Number of protein chains: 2
Amino acid sequence: MTRALVRLVLPDVQDLLREGTADDVAAALAPFHPADVAELIGQLDDEQAAQLVLGLEPQKRTDVFELLEVPLAARLLERIGPKELAPTVAAMASDDRADLVAALPDALEAQVMAAMPAEDREEALELAGYPEGTAGAIMTADYVHLSPDETARDAIEHIRQVARKRETIYATYVVDQDERLLGAVSLETLILAPPDETLREIMIPPIYGKVDDDQEAVVEKLRHYDFLALPIVDAAGIMQGIVTYDDAYDVAEEEATEDAHLMGGVSPLPAPYFETSLPNIVRARALWLSILFFTELFGGSILRQFEHTLERVVALVFFLPLIIASGGNSGAQSATLVIRGLAVGDVEPKDVWRIVRRELASGLTLGALLGLYGIGVATLWGLDDAPKIAVVVLVTLVAVVVGGSLLGSLMPLLMVRLKIDPAITSSPLVTCLVDVLGILVYVLVAGAVFPPPA
Amino acid sequence: MTRALVRLVLPDVQDLLREGTADDVAAALAPFHPADVAELIGQLDDEQAAQLVLGLEPQKRTDVFELLEVPLAARLLERIGPKELAPTVAAMASDDRADLVAALPDALEAQVMAAMPAEDREEALELAGYPEGTAGAIMTADYVHLSPDETARDAIEHIRQVARKRETIYATYVVDQDERLLGAVSLETLILAPPDETLREIMIPPIYGKVDDDQEAVVEKLRHYDFLALPIVDAAGIMQGIVTYDDAYDVAEEEATEDAHLMGGVSPLPAPYFETSLPNIVRARALWLSILFFTELFGGSILRQFEHTLERVVALVFFLPLIIASGGNSGAQSATLVIRGLAVGDVEPKDVWRIVRRELASGLTLGALLGLYGIGVATLWGLDDAPKIAVVVLVTLVAVVVGGSLLGSLMPLLMVRLKIDPAITSSPLVTCLVDVLGILVYVLVAGAVFPPPA
């Protein structure tokens, strides 16, 4: 079932919640996958959502709670009460639980923590201690660890015992008595191995991340090796948790959104569009708009110095939008190509000269193309001084498209050198800088072609 | 090991390739993960890459070949010769092999196909028949299928037999004698089930995709359920293959790049930045630059109609870059927020009125903010007619920021209705339209405040 189908059954579920008993609700939802129940809950108002959650049988309730958007899960926990939901919270995967607890109001957080078994509480506190954006903050502590002297047969039996409480049993890790990571064994290897072989003989050397690694780096490693999970160790090599492939999806999506927002000239929003308050959206946009406004002000100042030429040859003004936009657009294009290339690893900072050569070549070609259009327009419009204006427009367009392409492609590389996210050289920022550059070039070229009367 | 480390060992490997024997190379690379060997090969020239491939032992060679960029793998196959690599190609996963064969020159493709076992050849032809961008084109035929009457114990034994030739053994599928999909069983379920239970008793109803589904839809389903694999069936319900979580990574990355390019005003490139020929890059950019140029031309035409007012009040020109940029930037911001919201599912087309209300509110606030800046600038510059110009600038800025926000947020929604990728309302396109809108508003407001002398 997918989003479209959830919308289809939504009215029936709402009727049932109004008229049926908790058992009816549980029965009706039994065949639904937890991911779909979570989707459904997201479409209900909080009261009905709470009613539905209470109708679910315990295991399913936990599965669903792990999949709810964190703010919604926190609201439901507050509405239903931490006592009623204590078993649900206790049974949640440790990473999802840590995220949920962190989102609760302080008083409620204390109650939820108090209702947890001591061991879980300690784990929750530890996970909550890792800064946002690190491997520690996204990992789960629910992994399978085995000892190097176990045989494959024993290991499978061991896995069978603990499976219910583990995020995955397909990737398992061999640790020494101090929980130091020694190696990795997949369930596939265990099943194919001779039953009496020990894990020491069949394990592979571990590839791992560190708790304070950037979440992007850890996810890139996971993807590079096509792993289901990556073990995470602390500075002493003691295993602390695993990051799994579904975390990788989430991180990749989060990072792509952050990049898209930066590239669109919006400070990244911490929450989905509709869940961000209006003042926060305005703030995320106002900063950039203000920066861009004052950058653009230089363009106005340059035009002011040029007042007398504009008065004499007012036709130059007609081409201003074209000049400004062409430089800005070509800058945005080059910036996009390089930013995206950096994001997926096709482009590296050391490639700077190759990039300059390429952008110079495409800038010249594209500038010449637009310049020809410009000559055509100057001629068609039948302006006084059309030939002189055509020359100004041609020269300026070639210059701004080349300048825009170079600036657009080099700024992201500069940001990488400065250890700043290259997506911050968002298209609007590049556009604005190239706008000002374009106005400057236009004014200089026009000043040369239309010198002030002696 | 990661990209940085590959770069570290690269010189040593190059020395070895110049001076060592094939055995030395094989020995040196034995501890390297296939993903790292593939990364390494990507850094060598084709001759050394071919030499390295020939030095690998057969199983590793296959693993590495599956991970190479397709154009590189095709070049190596051409250089080394299809006979020498026939066993490697035959052992590749069916989806990777289909991609590779499709990328070969026709004559070579025929040779490679001829060297394949008949069964593999048929499969390759079938997979090659699915159009790019569909589930059929990314699925692999190497999945585990079981019969409903097998017991859990038999199934595990069955999996053990076939594991080496399968993409994953963690997700397995129950089919009838016509290969019709009946249900799904995870290896976890099999291991936890009583050994004598039949698959019919423990399987869950299948959630599946269809061969002609869009690849994005299939990947969304896989992620929604956090599955390791999604079974793919044809119109008759006959199982044809599986799409796995690593395919999901690749598709998500591909789609994010496509969106980023569209949002940056570049037609999506079919290959990485440096592997796209210069003429192709120029073509991908020229189309958009031309469209945007001629859109912007309207702005010039509007200014032409306004020639006499501009001649009288040339100071109005100084604000032109500000007006144009502010509208364009706010439009780009709103477009980005909505496009990204649609991509991750936070925003839906039915939300149009909520979006209009939000964008109206933030547009008014932000427009007023920029308008205040504008009044400040008009005063600071000490222009003749400063109060009148300040009014024109204020009114115009509010109008273009509101107009930009509305246009920017509604255009992606319109595209969804028209079943066009909303990312195509790329920031540059929105920027350009709002530029023209801004010029029009500016001219009208200025015309009202500075009426032509009677």
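Lettering follows sequence order; numbering is per chain, from 1. Every value quoted in this text rests on a predicted model; they were computed, and no experiment measured them. Reckoned from all heavy atoms, side chains included, excluding hydrogens, waters and symmetry mates.
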Do [X] and [Y] have side-chain heavy atoms sitting under 4.5 Å apart?
| X | Y | value |
| --- | --- | --- |
| B:Glu188 | A:Arg164 | no |
| B:Asp36 | A:Tyr225 | yes |
| B:His261 | A:Arg340 | yes |
| B:Val314 | A:His308 | no |
| A:Asp250 | B:Arg223 | yes |

Among the options [options], pick out the one with the most heavy-atom pairs lying under 4.5 Å from chain B.
| options | result |
| --- | --- |
| A:Thr257, A:Leu303, A:Leu310 | A:Thr257 |
| A:Pro279, A:Pro205, A:Ala256 | A:Ala256 |
| A:Leu320, A:Asp351, A:Ile281, A:Ile156 | A:Asp351 |
| A:Arg354, A:Arg312, A:Glu69 | A:Arg354 |
| A:Leu322, A:Ile169, A:Asn329 | A:Leu322 |
| A:Val347, A:Val401, A:Thr168, A:Ile302 | A:Val347 |

With chain A as the partner, which of [options] has the greatest number of non-hydrogen pairs under 4.5 Å?
| options | value |
| --- | --- |
| B:Ala217, B:Ala38, B:Ser334, B:Cys432 | B:Ser334 |
| B:Glu253, B:Glu311, B:Glu307 | B:Glu253 |
| B:Leu192, B:Val377, B:Ile159 | B:Leu192 |

Under 4.5 Å from any heavy atom of chain B - which part of [X]:
| X | answer |
| --- | --- |
| A:Leu187 | both |
| A:Leu278 | both |
| A:Ser186 | both |
| A:Val317 | both |
| A:Ile324 | side chain |
| A:Val282 | both |
| A:Ser277 | backbone |
| A:Ala163 | both |
| A:Ile204 | neither |
| A:Thr365 | side chain |
| A:Leu366 | side chain |
| A:Ile355 | both |

Check: A:Arg285 side chain, B:Ser330 main-chain N or O, donor-acceptor pair, under 3.5 Å: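 Here the side-chain-to-backbone pair exists.
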Chain A heavy atoms under 4.5 Å from [X]: which part of the residue, side chain, backbone, both or neither?
| X | value |
| --- | --- |
| B:Leu228 | both |
| B:Leu370 | both |
| B:Tyr245 | both |
| B:Ile323 | neither |

Which heavy atom of [X] sits nearest a heavy atom of [Y], and at what distance?
| X | Y | answer |
| --- | --- | --- |
| B:Arg304 | A:Leu383 | NE-CD2, 4.3 Å |
| A:Ala260 | B:Thr336 | O-CG2, 3.1 Å |
| B:Asp435 | A:Ala325 | OD2-CB, 4.4 Å |

Side chain to side chain contact (heavy atoms under 4.5 Å, CB included) partners of A:Asp246, counting only residues at least two apart: A:Glu167, A:Thr244, A:Tyr249, B:Asp226
Test: B:Arg358 cationic atom under 6.0 Å from A:Tyr273 six-membered ring centre, within 45° of axis: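 Ring-cation test returns yes.
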Residues 289-301 of chain A, side-chain donor-acceptor partners within the protein, below 3.5 Å, at least two apart:
residue	atom	partner	partner atom	Å
A:Ser290	OG	A:Ala286	O	2.8
A:Ser290	OG	B:Tyr373	OH	2.7
A:Thr295	OG1	A:Ile291	O	2.7
A:Ser301	OG	A:Leu297	O	3.1

Residues B:Glu39, A:Lys221: salt bridge by 4.0 Å N-O rule: no
